[in-house]
**Q** 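Sharing a structure, written as structure tokens. Questions coming.
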Amino acid sequence: MSLPIAYTNGRTADDLWLEKSSASSSAMVDLATASSDSETNVEPTLENTDTAVWDLETFILLIDVRKCWIEDTVKAEELFAESLTLVPPEEQNSLRRFHFRRDAAQHLASLLLQHLVISQLADVPWAESRVSRTIMGRPFHEQARFDYNVSHHSGRVAIGVRVADQRHIGIDVVDPEDATRKWKPGWIDDFHDIFTESEYAQILRDGKKETEITKRRLFTFWALKEAYTKAVGIGLVIDLQTIEFSRVEDVDITERPYTRSTMCKVNNELIDWRFEVFALEDGLILATATTNEGLFSGGTTKIKKIELDYITKVAVQYHLPIILAPNVV
């Protein structure tokens, strides 16, 4: 659906700000406080887990925006409008290019995760946090001694972080079921310009069958390629057959939720990188890529699922919300 209209009855951004800034700040603080008191049977979030992530070499934060922003309810629209006040006006304006709520919600969640990481790792007040972009559009924070990468699909948004100077990380998250919902028979032959013969053989090692496991294998290879190209900052603009993966194991949340056995050759040369593949809830697949150089820990990258309330808690410490930009819809 379309984004909700942020202003009505001829009111300007300044009018709305004067009416709502105080109330919004109080409401957000109350919401964050109430959530911490009432959450009993939910998955652990950053503020109530024994092990925080900010001191780790690599970590992933994951947020699910399907219920809080994408549902067609008045509450979801109000929460989305309030969450806009957590990002700078120029980023609020960038949301206008999206025609559908899902796309805008995922983009907003991506921005919030970036500002969260920047405020915590760069020791920058939230209101002063800014996201820059490379020529290829890769987001980063200037003067930061860490790298991050974001990915979203089907209402789930993730950010992968590598805390090391001049060491990059790439991440990709995909929901194979949602991605293939409209595929027609014969789809297995549509990827010969992406996967090498060796990769195709691994994907089809049970025979040329268009089954669910074949889809998951295909998207595992796809996620690995995308994670690597995002880590090196080139995106999917090169010949993807020059990047070849092997020893890619199947991942399943009940039997094998994680693998780090993957190897990769670029232009037929083996590279010293660490590739991880995770099976998450609802069939989600998440892949990460980062160079082994400078890594001291041999452990698995930690994934923390967080809630919007946690981000709000961090943001309100820095006297947010920010004034809404004019004509954000």
Side-chain angles (χ1 to χ4, degrees), residues 1-29 31-32 61 63-120 122 124-134 137-142 148 150-152 155 157-159 306-329:
M1 62 175 291
S2 303
L3 292 174
I5 301 299
Y7 308 107
T8 59
N9 300 325
R11 289 181 297 168
T12 65
D14 290 338
D15 293 333
L16 189 63
W17 170 252
L18 290 172
E19 294 174 15
K20 293 192 65 178
S21 61
S22 175
S24 295
S25 295
S26 298
M28 286 186 171
V29 174
L31 177 63
L61 304 180
I63 186 170
D64 187 338
V65 300
R66 289 175 297 178
K67 290 186 177 181
C68 61
W69 289 339
I70 296 178
E71 286 187 345
D72 187 12
T73 64
V74 173
K75 182 178 179 180
E77 290 189 4
E78 291 177 347
L79 185 56
F80 182 83
E82 287 181 346
S83 299
L84 283 173
T85 67
L86 301 180
V87 298
E90 62 270 21
E91 292 177 355
Q92 295 173 18
N93 283 326
S94 72
L95 293 164
R96 288 187 293 175
R97 73 176 188 267
F98 296 103
H99 296 289
F100 300 102
R101 166 67 71 80
R102 170 187 280 195
D103 297 331
Q106 292 179 151
H107 183 65
L108 177 55
S110 173
L111 291 171
L112 291 175
L113 286 173
Q114 292 176 66
H115 287 295
L116 175 65
V117 168
I118 291 170
S119 68
Q120 296 300 293
V124 175
W126 186 289
E128 298 176 14
S129 170
R130 291 295 182 271
V131 175
S132 301
R133 293 187 178 275
T134 65
R138 191 179 194 276
F140 71 98
H141 177 64
E142 294 182 359
Y148 68 82
V150 290
S151 179
H152 61 75
V157 187
I159 184 168
I306 64 172
E307 307 293 338
L308 176 62
D309 296 343
Y310 175 77
I311 299 178
T312 299
K313 286 181 182 180
V314 176
V316 297
Q317 293 176 14
Y318 298 103
H319 313 295
L320 290 211
I322 299 169
I323 188 169
L324 282 167
N327 303 319
V328 175
V329 295

**Q** Roughly how far apart are L308 CG and L86 CG, rounded to 0.5 Å?
**A** 7.0 Å

**Q** Starting at CD1 of I311, measure out to OG of S83 and round the result to the nearest 0.5 Å.
**A**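 So the gap between those two atoms works out to 8.5 Å.
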
**Q** When rounded to the nearest 0.5 angstrom, what is the spacing between CZ in R66 and CD in Q106?
**A**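 Separation between the atoms: 10.5 Å.
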
**Q** Keeping Q92 on the side-chain end and V87 on the backbone end, is there a donor-acceptor pair under 3.5 Å?
**A**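 Looks like yes, one N/O pair under 3.5 Å.
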
**Q** If you apply the rule side-chain contact (heavy atoms from CB on, under 4.5 Å), what do you find for H152 with H107, and how did you get there?
**A** CA-CA 8 Å; H152 61 75; H107 183 65; 5.8 Å; no

**Q** For Q114, give me all partners under side-chain hydrogen bond (donor to acceptor under 3.5 Å, both in side chains), at least two apart in sequence or on another chain.
**A**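 So Q114 forms a side-chain hydrogen bond (donor to acceptor under 3.5 Å, both in side chains) with S110, Y148.
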
**Q** Specify the closest pair of heavy atoms between S129 and H115, including all atoms of both residues, with the distance to one decimal.
**A**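 The answer is OG-ND1, 2.7 Å.
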
**Q** Taking R130 first and then E90, would you say they form a salt bridge - that is, a charged N and a carboxylate O separated by under 4.0 Å?
**A** yes

**Q** So how far is it from N93 CG to E91 CD, rounded to the nearest 0.5 Å?
**A**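 Reported value, rounded in 0.5 Å steps: 10.5 Å.
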
**Q** Would I118 and W126 count as a side-chain contact (heavy atoms from CB on, under 4.5 Å) here? Give the steps.
**A** CA-CA 8 Å; I118 291 170; W126 186 289; over 6 Å; no

**Q** What pairs with H141 under ring pair (Phe, Tyr, Trp, His ring centres under 6.0 Å), at least two apart in sequence or on another chain?
**A**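 Partners of H141 by the ring pair (Phe, Tyr, Trp, His ring centres under 6.0 Å) criterion come out as none, since no residue qualifies.
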
**Q** Check V157, L116, V150 against L61 for a side chain to side chain contact (heavy atoms under 4.5 Å, CB included) and give me the one that passes.
**A** L116

**Q** Go through I63 and E307 one step at a time and tell me if the side-chain contact (heavy atoms from CB on, under 4.5 Å) criterion holds.
**A** CA-CA 6 Å; I63 186 170; E307 307 293 338; 5.9 Å; no

**Q** Can you list the steps and then say if F80 with V65 is a side-chain contact (heavy atoms from CB on, under 4.5 Å)?
**A** CA-CA 10 Å; F80 182 83; V65 300; over 6 Å; no

